[in-house]
*Asks:* 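Mind having a look at this structure? Questions to follow.
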Amino acid sequence: MEKKNIDWGNLGFGYIQTDKRYVSDYKDGAWDNGRLTDDANVVISECAGVLQYAQTCFEGLKAYTTEDGRIVVFRPDLNADRMIDSAKRLEIPVFPKERFLDAVEQVVAANEAYVPPYGSGATLYLRPYMFGSSPVIGVKPAAEYQFRLFATPVGPYFKGGVKPITIRVSDLDRAAPHGTGHIKAGLNYAMSLYNIVDAHNQGYDENMYLDAATHTKVEETGGANFIFITKDNKVVTPKSDSILPSITRRSLMVVAKDYLGLEVEERVVELSELKDMAECGLCGTAAVISPVGKIVDHGTEICLPSGMSEMGPVTQKLYDTLTGIQMGRIPAPEGWIKVIK
Ligand SMILES: *Cc1c(COP(=O)(O)O)cnc(C)c1O
């Protein structure tokens with residue numbers, strides 16, 4: 001298979017159209033058989049449910065070339081499960097797990113020429129999503145839906161090496177108690193855009209969201225979960241019903257415990273504890289871990305001892321081990337790696 005002529009090492013995190021995507025339509029109460037298509041455009045009613053009332057959810061995962069030249073996907077079964085949870089909460093009909101996994105396999109195989117080579121730092125990002133496609137004007141769920149899954153090659157998140165970021169404690173909220181923070185709904189991102197643009201304008205890389213009810217507990221950022229390393233080397237991640245359950249973060253907790261022998265805790269993390277943490281990182285599919293060097297809480301600076309020039313030592317070990325598992329350099333736990341070919 002001849003690869004596309006792409007400068008893999010200089011790819012950014014943007015959309016590049018690839019050859020094939022998967023589409024399945026839901027009509028008259030059932031999903032059709034689904035198919036791969038060359039058509040990258042979606043044509044829907046001007047009154048479609050997604051356009052009027054944001055009835056849509058999505059997922060994000062990656063395909064990689066491993067050290068021994070296989071093409072693999074990392075834990076796609078968890079993305080399938082999470083999309084089922086998102087769909088249920090948004091009154092979107094569930095797309096069956098086996099069909100989700102089959103769509104992943106078909107799209108990666110059909111776009112094999114776009115899977116970046118091992119060692120390039122680039123990956124093939126996969127974007128499954130679902131939306132209400134039929135007209136809705138009175139507020140109710142749409143009658144018809146589309147499931148789509150496309151692929152786009154993306155570069156390493158940190159070009160020229162990882163650099164710790166600076167985040168601010170946000171005054172605005174991401175997710176209400178008993179709301180939709182725990183599902184991957186497009187609406188959670190739409191309402192975060194104002195705040196991230198503002199953060200960037202003020203010189204911060206990200207927003208740290210607190211629990212909406214009391215503004216005393218750490219939740220997550222707009223698109224990544226937190227892990228903290230305490231001064232006695234425990235790996236701590238915030239527990240809350242309004243956090244999106246990151247697959248990267250859940251995997252890192254397993255890596256910390258089973259591969260690195262560290263103590264792990266998923267528990268409430270108070271804002272007031274942050275000054276005592278040794279390291280902090282943001283976890284998500286895009287960057288795996290982005291190290292946080294500084295947290296600014298309304299003029300009070302919390303400088304993590306790991307500093308602004310490199311990842312903290314424990315964060316680095318977690319990062320190296322998880323990426324080693326993903327790239328096939330380190331044996332993976334049972335079921336974590338789905339081999340496409
Ligand atoms: C997608 C997402 C994450 C990261 O989840 P991964 O499964 O690790 O990619 C974290 N927080 C939010 C709000 C998200 O939407």
Side-chain angles (χ1 to χ4, degrees), residues 13 54 56-64 73-87 89-90 100-101 104 123-130 149 151-152 154 156-157 165 167 170 172-177 179-196 199 205-212 218-228 235 237-256 266 269 280-292 315 318-319 321-323 325-326 335-338:
F13 200 92
T56 179
C57 60
F58 68 100
E59 275 299 325
L61 65 165
K62 285 171 170 179
Y64 320 80
V73 181
F74 185 70
R75 308 190 78 180
D77 53 315
L78 298 190
N79 295 96
D81 289 340
R82 196 167 65 185
M83 197 169 211
I84 289 170
D85 294 340
S86 299
R89 180 66 175 79
L90 296 169
F100 179 103
L101 295 172
V104 166
T123 55
L124 187 70
Y125 185 76
L126 305 175
R127 170 52 60 89
Y129 60 114
M130 297 163 82
L149 197 163
T152 187
V154 294
Y157 198 79
I165 60 171
I167 65 178
S170 172
L172 301 184
D173 298 321
R174 189 191 83 89
T180 56
H182 61 298
I183 60 163
K184 223 165 167 70
L187 59 92
N188 292 341
Y189 280 77
M191 60 87 217
S192 75
L193 297 176
Y194 171 82
N195 205 28
I196 191 65
D205 297 299
E206 271 294 347
N207 287 301
M208 168 182 275
Y209 288 103
L210 304 177
D211 74 294
V218 176
E219 296 242 306
E220 61 172 321
T221 63
N225 286 181
F226 281 108
I227 52 164
F228 297 96
V235 182
T237 192
K239 187 177 175 70
S240 157
D241 291 340
S242 45
I243 290 175
L244 191 284
S246 157
I247 295 165
T248 313
R249 185 259 299 165
R250 285 183 273 162
S251 303
L252 285 166
M253 297 305 270
V254 174
V255 165
E266 184 177 358
V269 174
C280 173
L282 297 178
C283 316
T285 295
V288 182
I289 310 180
S290 312
V292 175
T315 308
L318 287 167
Y319 178 87
T321 309
L322 184 58
T323 52
I325 289 169
Q326 291 173 331
W336 277 23
I337 302 293
K338 180 183 170 76

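Note: hydrogens, waters and symmetry copies are ignored here, and every other heavy atom, side chains too, is used. We count ligands from 1, going down the list as the structure has it; atoms in each ligand are counted the same way. Position 1 is the first residue of the sequence, and the numbers go up from there.
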*Asks:* Salt-bridged, R249 to E266, with N to O below 4.0 Å?
*Replies:* yes
*Asks:* Closest heavy-atom contact between L101 and D77?
*Replies:* CD2-N, 3.7 Å
*Asks:* Give one line per pair: atom of ligand 1, protein atom, distance. Only N/O to N/O under 3.5 Å.
*Replies:*
unit_1	atom_1	unit_2	atom_2	d
ligand 1	7 (O)	R82	NH1	2.8
ligand 1	7 (O)	R82	NH2	3.1
ligand 1	7 (O)	I247	N	2.9
ligand 1	8 (O)	S246	OG	2.6
ligand 1	8 (O)	I247	N	3.3
ligand 1	8 (O)	T248	N	3.0
ligand 1	8 (O)	T248	OG1	2.6
ligand 1	9 (O)	T285	N	3.0
ligand 1	9 (O)	T285	OG1	2.5
ligand 1	11 (N)	E220	OE1	2.6
ligand 1	11 (N)	A224	N	3.4
ligand 1	15 (O)	K184	NZ	2.7
ligand 1	15 (O)	Y189	OH	2.5

*Asks:* Only counting residues at least two apart or in another chain, list the ones meeting salt bridge (Lys or Arg N to Asp or Glu O under 4.0 Å) with K62.
*Replies:* none
*Asks:* Please report the closest heavy-atom contact between L322 and V288, naming both atoms and the distance.
*Replies:* CD2-CG1, 3.9 Å
*Asks:* Which heavy atom of F58 sits nearest to which heavy atom of M83, and what is that distance?
*Replies:* CA-CE, 4.0 Å
*Asks:* Where is the tightest heavy-atom contact between V218 and P238, given as atom of each residue plus distance?
*Replies:* O-CB, 3.4 Å
